[in-house]
**Student:** 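So that we are looking at the same thing, I have put the structure below in structure tokens.
One-based numbering along the sequence shown.
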Amino acid sequence: MTDRTGERERVTTGRPGPGEHVDPELPGIKEYEGEGITVTFEPRRCLHAAACVHGLPEVFDLSRRPWVLPDATVPERVAEVVRRCPSGALQYRDRTEEASPEPPDSPTRVRRTPSGQLVVRGDLIVTGAHGDRHETRVVLCACGASGNQPYCDRSGPCGKADDDVPEER
């Protein structure tokens with residue numbers, strides 16, 4: 001889909017557009033293609049840490065549509081800011097290297113927030129309602145109240161907003 005700015009926004013919600021194949025079992029993922037980088041956004045995983053909008057407002061702007069313009073700066077800067085997203089709701093693929101996915105942190109790191117969430121970064125396989133998914137960054141629910149298990153959606157006691165402690169890098 002192309003909007004008024006000419007940016008392409010592909011939304012995978014289980015309702016494919018013309019010439020698009022979408023697995024109806026996958027969660028809604030929005031894809032924003034740029035010349036050198038493609039940014040994906042999975043709204044159900046977003047915890048509103050705002051690392052994106054504060055880190056690169058010319059690319060990530062909630063007041064416009066599409067809200068992600070990957071070509072507003074160089075792909076390396078976009079990738080740097082996307083990697084700051086603690087939940088993994090934002091991810092990227094480098095289009096200059098044969099669509100290579102985001103490289104995982106090494107070694108894998110696990111950090112528990114004061115209320116119990118697990119913040120995990122590395123080469124991960126996460127099993128959830130949609131099967132196994134390869135991940136590089138996740139915030140996992142510790143209380144069992146999330147409607148998006150195993151990911152935290154801040155609906156239970158482990159997702160209290162006062163846990164917005166900047167992640168150690």
**Student:** Among R137, E135, E31, E42, find the one that has a side-chain hydrogen bond (donor to acceptor under 3.5 Å, both in side chains) with Q91.
**Tutor:** E135
**Student:** Are there more than 12 heavy atoms of other residues, nucleotides or ligands under 6.0 Å from atom CD of E35?
**Tutor:**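 No.
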**Student:** Is the closest side-chain heavy-atom distance between T136 and D123 below 4.5 Å?
**Tutor:**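 A side-chain contact is absent here, since even the closest heavy-atom pair is not under 4.5 Å.
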**Student:** Determine, step by step, whether D61 and S63 satisfy the side chain to side chain donor-acceptor pair (under 3.5 Å) criterion, reporting the C-alpha distance in whole Å, the side-chain angles of both residues, the deciding distance to 0.1 Å, and the verdict.
**Tutor:** CA-CA 5 Å; D61 182 350; S63 68; 2.7 Å; yes
**Student:** Is there a path of hydrophobic side-chain contacts, each under 4.5 Å between heavy atoms, that joins V126 and V110?
**Tutor:** yes
**Student:** What's the separation between atom CD in Q149 and atom CG in L140, rounded to the nearest 0.5 Å?
**Tutor:**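 With rounding to 0.5 Å, CD (Q149) is 9.0 Å from CG (L140).
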**Student:** Is any side-chain heavy atom of K30 closer than 4.5 Å to one of T40?
**Tutor:** no
**Student:** Hey, does L56 have a side-chain heavy atom less than 4.5 Å from the side chain of V78?
**Tutor:** yes
**Student:** Hey, could you give me the CD1/CD distance between I37 and E102, rounded to the nearest 0.5 Å?
**Tutor:** 9.0 Å
**Student:** What I'd like to find out is whether the side chain of L69 reaches to under 4.5 Å of the side chain of R64, using heavy atoms alone.
**Tutor:** yes
**Student:** For the atom pair OG1 (T113) and CG (L118), what is the distance rounded to the nearest 0.5 Å?
**Tutor:** 7.5 Å
**Student:** Does some side-chain heavy atom of C52 sit less than 4.5 Å from a side-chain heavy atom of H54?
**Tutor:** no
**Student:** Could you grab the distance from atom CG of D132 to atom OG1 of T127, nearest 0.5 Å is fine?
**Tutor:**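 Rounded to the nearest 0.5 Å, the CG-OG1 separation comes to 3.5 Å.
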**Student:** Test of understanding: with side chain to side chain donor-acceptor pair (under 3.5 Å), list the residues that count as partners of R112, not counting sequence neighbours.
**Tutor:**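 Side chain to side chain donor-acceptor pair (under 3.5 Å) check on R112 returns nothing, list empty.
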**Student:** Start with the C-alpha gap between N148 and R45, add the side-chain angles, then the distance that decides, and say whether side chain to side chain contact (heavy atoms under 4.5 Å, CB included) holds.
**Tutor:** CA-CA 8 Å; N148 192 26; R45 292 199 25 213; 3.7 Å; yes
**Student:** Please tell me if the side chains of C158 and C141 come closer than 4.5 Å, counting only heavy atoms from C-beta onward.
**Tutor:**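 SC-SC contact between C158 and C141 confirmed.
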**Student:** Can F60 be reached from L62 by stepping across I, L, V, M, F, W or Y side chains whose heavy atoms are under 4.5 Å apart?
**Tutor:**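 Yes; F60 is reachable from L62 via cluster members.
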**Student:** Once rounded to the nearest 0.5 Å, what's the spacing between atom CD of E80 and atom CD of E76?
**Tutor:**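 Rounded to the nearest 0.5 Å, the CD-CD separation comes out at 10.0 Å.
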**Student:** Looking at R121, is its backbone amide N or carbonyl O close enough to the side chain of D105 to form a donor-acceptor pair, meaning the two atoms are under 3.5 Å apart?
**Tutor:** no
**Student:** Using side-chain heavy atoms (C-beta onward) and a distance below 4.5 Å, is F41 in contact with C46?
**Tutor:**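 Yes. Closest side-chain heavy atoms under 4.5 Å.
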**Student:** How far does CZ of R154 sit from OG of S87, to the nearest 0.5 angstrom?
**Tutor:** 9.0 Å
**Student:** For R44 and Y151: C-alpha separation, side-chain torsions, deciding distance, then whether side chain to side chain donor-acceptor pair (under 3.5 Å) applies.
**Tutor:** CA-CA 9 Å; R44 288 189 59 185; Y151 309 101; over 6 Å; no
